[in-house]
Amino acid sequence: MLKAAIQDALNSAGNFGWILEPDAKRLLRAAGMRVPVFKVCQKADNAVSWAKEIGYPVAAKVVSPNAMHKSEVKGVVVGIGDDDALGGAYQHFRRIDGFCGMLVEKMIAGVEVIIGAKIDYQFGPIILMGIGGTAVEIYQDAAIRMAPLTEKDVRSMVGSLKARALLEGHRGSEAVNMEALVKTMLAFSDLVKTLGERFESIDLNPVMCSAEDCIIADARIVLAET
């Protein structure tokens, strides 16, 4: 099933050089990771109907092969609380080059974690995990291991983070579900090994980790040149 999902994702990428977020999330889900409930909407009224079905607040993101870095084209709006705001986001997105839909998904709360992978020409696939979100490049708080990972590796990665207290519980906040984080990391490691050298980099940021679960809120998979 995973290999079929990988082939579907690769086929969907066409000549873009990267896998669009909806297809990336379908692949991650097939690999055993959790993603938000989402739908790609072609029209504003479809988006509103879907948002009412899953319940506000929602996040909306542009789907375009020309917008790999969605934030650079203002292609992400989070915390949308009503129909008018969602309609406004749609009207903005449809003017972005290459627009082919708007992804609408349920907002997820939790500690922001980054999970990533790339192919190192000397060591092969390596996996990163750390404190994520928009400030990831400022904090640079991450741990790296070679794939494949073991449960011991994952717990060691968490323990090496300077901000590990955010995951373990800090000043009365609940600790994240460590079993869910371990499961996510091991599933990710399996996907990385199965993909082999067909990818250049994978960035899951943020992965929202809470006391209940770890859910991948955003995903970007860049393919290797062929």
Side-chain angles (χ1 to χ4, degrees), residues 5-6 8-31 33-110 112-118 132-137 191 199-208 214-225:
I6 289 173
D8 287 344
L10 294 175
N11 291 341
S12 72
N15 298 319
F16 308 152
W18 63 289
I19 299 174
L20 294 174
E21 183 179 349
D23 299 313
K25 284 185 170 175
R26 293 184 187 102
L27 173 56
L28 296 169
R29 186 167 55 200
M33 286 167 266
R34 295 264 289 149
V35 301
V37 175
F38 71 88
K39 185 175 184 179
V40 177
C41 304
Q42 307 300 329
K43 297 181 179 179
D45 56 351
N46 298 140
V48 168
S49 296
W50 172 245
K52 288 180 176 178
E53 182 176 337
I54 62 175
Y56 287 107
V58 298
K61 306 175 189 180
V62 68
V63 180
S64 165
N66 300 328
M68 181 165 68
H69 301 284
K70 295 183 289 293
S71 60
E72 293 181 359
V73 294
K74 298 182 179 179
V76 179
V77 182
V78 299
I80 297 173
D82 56 51
D83 299 352
D84 289 342
L86 185 58
Y90 176 86
Q91 294 304 322
H92 167 66
F93 290 171
R94 68 190 296 269
R95 294 190 290 270
I96 294 174
D97 184 41
F99 173 81
C100 56
M102 180 169 76
L103 185 153
V104 180
E105 64 187 15
K106 186 73 175 174
M107 288 288 297
I108 306 297
E112 295 183 330
V113 172
I114 182 172
I115 299 173
K118 69 176 184 177
T134 56
V136 62
E137 294 178 357
L191 174 61
F199 79 96
E200 178 181 298
S201 65
I202 305 176
D203 291 293
L204 312 181
N205 183 33
V207 179
M208 306 302 289
C214 286
I215 300 177
I216 298 161
D218 196 32
R220 182 172 68 245
I221 301 175
V222 180
L223 301 176
E225 294 184 3

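All heavy atoms count here, side chains included; hydrogens, waters and symmetry mates do not.
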*Asks:* When you compare the side chain of M208 with that of I216, does any pair of heavy atoms fall below 4.5 Å?
*Replies:* no
*Asks:* Enter the distance from I54:CD1 to M107:CE here, rounded to the nearest 0.5 Å.
*Replies:* 11.0 Å
*Asks:* Would you indicate whether the side-chain heavy atoms of L204 and I114 approach each other to under 4.5 Å?
*Replies:* no
*Asks:* Quick one: does K106's side chain have a donor or acceptor within less than 3.5 Å of a partner on G55's backbone?
*Replies:* yes
*Asks:* Working to the nearest 0.5 angstrom, can you tell me the gap between L103 CG and F38 CZ?
*Replies:* 6.0 Å
*Asks:* Looking only at heavy atoms, which two atoms of C214 and V207 are closest? And how far apart?
*Replies:* CB-CG1, 4.2 Å
*Asks:* From L191 CG over to L27 CG, what is the distance, rounded to the nearest 0.5 angstrom?
*Replies:* 5.0 Å
*Asks:* Working to the nearest 0.5 angstrom, can you tell me the gap between M102 CE and I96 CD1?
*Replies:* 11.0 Å
*Asks:* We want to know whether N66 and D97 form a side-chain donor-acceptor pair, criterion being a heavy-atom distance below 3.5 angstrom.
*Replies:* yes
*Asks:* List the atom of P65, the atom of G98, and the distance in Å for their closest heavy-atom pair.
*Replies:* CD-O, 3.4 Å
*Asks:* Give the C-alpha distance, both sets of side-chain angles, the deciding distance and a yes or no for salt bridge (charged side-chain N to carboxylate O under 4.0 Å, His left out) between D8 and R26.
*Replies:* CA-CA 10 Å; D8 287 344; R26 293 184 187 102; over 6 Å; no
*Asks:* Short question: side chain of H92, backbone of G75 - any donor-acceptor pair under 3.5 Å?
*Replies:* no
*Asks:* As an exercise, state the distance from CZ of F16 to OG of S64, rounded to the nearest 0.5 Å.
*Replies:* 8.5 Å
*Asks:* To the nearest 0.5 Å, what is the distance between CE on M33 and CG on L28?
*Replies:* 4.5 Å
*Asks:* Would you say the side chain of V40 lies within less than 4.5 Å of the side chain of Q42, judging by non-hydrogen atoms?
*Replies:* yes
*Asks:* Judged by atom type as modelled, is there a donor-acceptor pair below 3.5 Å linking the side chain of K25 to the main-chain atoms of V37?
*Replies:* no
*Asks:* Do K52 and D83 sit within salt-bridge range, that is, some charged N less than 4.0 Å from a carboxylate O?
*Replies:* yes
*Asks:* Check this for me, if you would: do K118 and E200 make a salt bridge, where the nitrogen-to-carboxylate-oxygen distance has to be below 4.0 angstrom?
*Replies:* no
*Asks:* Given 3.5 Å as the limit, does a donor-acceptor pair link the side chain of N205 with the main chain of G133, or not?
*Replies:* yes
*Asks:* Verify side chain to side chain contact (heavy atoms under 4.5 Å, CB included) between L86 and Y56, making sure each step is shown before the conclusion.
*Replies:* CA-CA 10 Å; L86 185 58; Y56 287 107; 3.8 Å; yes
*Asks:* Please examine the side chains of P57 and I80, heavy atoms only from C-beta on, and report whether any two atoms are closer than 4.5 Å.
*Replies:* no
*Asks:* Determine whether a donor-acceptor pair (N or O, by modelled atom type, separation under 3.5 Å) exists between the side chain of W50 and the backbone of V104.
*Replies:* yes
*Asks:* Would R220 and E21 count as a salt bridge (charged side-chain N to carboxylate O under 4.0 Å, His left out) if you check the C-alpha gap in whole Å, the side-chain angles of each, and the deciding distance to 0.1 Å?
*Replies:* CA-CA 6 Å; R220 182 172 68 245; E21 183 179 349; over 6 Å; no
*Asks:* As a quick check of understanding, evaluate salt bridge (charged side-chain N to carboxylate O under 4.0 Å, His left out) for E105 and K39, giving each step before the final call.
*Replies:* CA-CA 7 Å; E105 64 187 15; K39 185 175 184 179; over 6 Å; no
*Asks:* Do you know the tightest heavy-atom contact between V62 and F93?
*Replies:* N-CE1, 3.6 Å
*Asks:* Would you say that Y90 contacts F99 through its side chain, given a criterion of any heavy-atom pair below 4.5 Å between the two side chains?
*Replies:* yes
*Asks:* Please give me the minimum heavy-atom distance between D23 and A9, naming the atom from each residue.
*Replies:* O-CB, 4.5 Å
*Asks:* Taking the side chain as every heavy atom from C-beta outward, state whether D218 and D203 have any atom pair closer than 4.5 Å.
*Replies:* no
